Student: 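Got a structure for you, questions after.
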2 protein chains.
Amino acid sequence: MMSRENAGGKIAVNPRLGEAAYEALRDRISRGVYRPGDKLTVRSVAETLGVSSTPARDAINRLTSENALVYAGPKTVIVPILSEADLKEVTVIRIALEGLAAEEATKHCGPLDVERLKALQIQINLGLERRDYASVLWHNKEFHFHVYAQSRLPRLVNLIDAQWLRVGPSFYGLYPEFAEERYGVRSHEMAMDAIEEGDSRALRAAFEADIRMGYLRLRSAVRARSSA
Amino acid sequence: MMSRENAGGKIAVNPRLGEAAYEALRDRISRGVYRPGDKLTVRSVAETLGVSSTPARDAINRLTSENALVYAGPKTVIVPILSEADLKEVTVIRIALEGLAAEEATKHCGPLDVERLKALQIQINLGLERRDYASVLWHNKEFHFHVYAQSRLPRLVNLIDAQWLRVGPSFYGLYPEFAEERYGVRSHEMAMDAIEEGDSRALRAAFEADIRMGYLRLRSAVRARSSA
DNA sequence: CTTCGTATTTTGTTGCAACAAAAAGTCGAT
DNA sequence: ATCGACTTTTTGTTGCAACAAAATACGAAG
């Protein structure tokens, strides 16, 4: 499991401040610290992370180049507010990449992986009951990426991670109403069944269904916001 | 068509040196100025591009974060030398992304696009006859990206571009022997036929075939090198 | 209350010097 | 010649100040 330490965002010991700042900022974005539309400045990030402006600027630039942050003006970078077209595009990209990862992962998944996924699903269900949505989102991501990691295609996983970072903040904005619907429970069960049967097509289909489900929810939220 | 000016790599007028340096360096890599294994340093790039070290460092960092350059040591970035596993991974990623782009593009392709592609194919054939391989590679890229652009999914096109940048230098290393085989001519004809008939599955298949063909060539080159 | 133009503040970018660490070069022993 | 330890050079990173430009705050006119 990924480390859950350092949740505040402060930089730990790392000889390369730029890299550390990048990871810390990425972590904050993926955890929902920022909301879509929030503005990030070099100096504010530098102060938050406890570094000087050079590594802070490095981190912001890098996140911007992968569209995890976007320009809202020549001197203004914000957490992206996804338009309906953006959402549609990121969804077809996710289906292509995550579908591929899931299919490739089937070859390398064993009973231990199913056990791990079951444990994660229990955590997800627990979070839903307790209305601990940060936990739900966290364990949901763990669930997906545990499978993707089995593809043994590390750059593909990085690419997928970058897409999640783009939609993450919008997802946070959706909770808590969103989570009430037990979103993802069914498709996760489909996924676990597919792995047990070694059916790569079914595993792909399960993740595709999961992504499409999330897309529909997010789209209706975007529409509700744009009409308001 | 993309601008072919500024081929030397010198920065033109651009208020943002970092962005300009990034584009100039990217351009040089995609044009085969560097060979796999070539070392790039902040100071050498700065001098070549005629900027100070900050924008040069920005450009290198950004290219490194998208794997167009890789670390060969803690203080050494080089143009990547793709292993067989790297090659395999980038190929499945390309098939997923470019297949998607091609399929989406079918909806928006018209007779004008076929005309454009035909003109580009003539340029490719001309380059092959004249053994002007830089021209072949250039027009081949134009051919592919003209189609991908019609998908109207700009981030997807960016993602594809990043993958091309990873394999580009290896492709250059392959020429000129490689080009003798009229690589790509048949799959390009398949692609143009598919567009004329509006057959999105066939268009996807044509580009997949093209990518797989290139993969096989590159793989045998990698094997030949690793045994030497 | 809204809108437009102006003044003030904030902000990104750039160049540069200092530092530590890594790479390249050197030379001697075997 | 080959290898290894040591010295020299090169290199990435960082912090910082200056500058130009954009964002913001403010206030006057409608």
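Predicted model, so just to flag it, every value in this text is computed and none were measured.
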Student: Grab the OH-P distance between A:Tyr22 and D:dT13 for me, whole Å please.
Tutor: 15 Å
Student: Under 6.0 Å between the ring centres of A:Trp164 and A:Phe171?
Tutor: no
Student: Without hydrogens or angle criteria, can the side chains of B:Asp86 and B:Ser83 be said to hold a donor-acceptor pair below 3.5 Å?
Tutor: yes
Student: Between P on D:dT10 and CG on B:Leu40, what's the gap in Å once rounded to a whole number?
Tutor: 18 Å
Student: Rounded to whole angstroms, how far apart are CD on B:Glu47 and C1' on D:dT11?
Tutor: 14 Å
Student: Is A:Ser52 close enough to D:dG15 that one of its side-chain N or O atoms is under 4.0 Å from OP1 or OP2 there?
Tutor: yes
Student: Taking only side-chain nitrogens and oxygens of B:Arg57, does any of them come within less than 4.0 Å of OP1 or OP2 of D:dT14?
Tutor: yes
Student: State which of D:dT13, D:dA23, C:dT14 makes the closest approach to the side chain of A:Pro74.
Tutor: D:dA23
Student: Sugar-phosphate atoms are those with a prime plus P, OP1 and OP2; base atoms are the rest. Using that split, label each nucleotide of nucleotides 4-10 of chain C B, S or - for protein heavy atoms under 4.0 Å, 5' to 3'.
Tutor: -------
Student: Looking only at the side chains, is there a donor atom on one of A:Tyr34 and A:Arg28 sitting less than 3.5 Å from an acceptor on the other?
Tutor: yes
Student: So, A:His108 versus A:Asp113: side-chain donor-acceptor pair below 3.5 Å or not?
Tutor: no
Student: Where the side chain of B:Leu17 is concerned, which of D:dT13, C:dT14, C:dA23 is the nearest nucleotide?
Tutor: C:dT14
Student: For the side chain of A:Ser44 and the backbone of A:Leu40, is there at least one donor-acceptor N/O pair under 3.5 Å apart?
Tutor: no
Student: Classify the angle between the aromatic ring planes of B:Tyr148 and B:Phe207 as parallel (below 30°), tilted (30 to 60°) or perpendicular (above 60°).
Tutor: tilted
Student: May I ask you to verify if any side-chain N or O of A:Thr76 is less than 4.0 angstrom from the OP1 or OP2 atom of D:dA22?
Tutor: no
Student: Between C:dA18, C:dG12, C:dC16, which nucleotide gets closest to the side-chain atoms of B:Arg43?
Tutor: C:dA18
Student: Hey, is the side chain of A:Arg16 poking within less than 4.0 Å of OP1 or OP2 on D:dT13, counting only N and O atoms?
Tutor: yes
Student: From CD1 of A:Ile78 over to P of D:dA22, roughly how many Å is that when rounded to an integer?
Tutor: 18 Å
Student: Under 3.5 Å, is there an N or O donor on one side and an acceptor on the other linking the side chain of A:Ser53 and the base of D:dG15?
Tutor: no
Student: Rounded to whole angstroms, how far apart are CG on A:Asp58 and C1' on D:dG12?
Tutor: 11 Å
Student: Using whole Å, what does the distance between atom P of nucleotide D:dT11 and atom CG of B:Leu69 come to?
Tutor: 16 Å
Student: Could you pull out all residues at least two apart from A:Ser65 that satisfy side-chain hydrogen bond (donor to acceptor under 3.5 Å, both in side chains)?
Tutor: none
Student: Starting at atom CG of A:Asn61, determine the distance to atom P of C:dT11, rounded to an integer number of angstrom.
Tutor: 16 Å
Student: For B:Tyr71 and C:dA22, what is the distance between atoms OH and P respectively, to the nearest whole Å?
Tutor: 13 Å
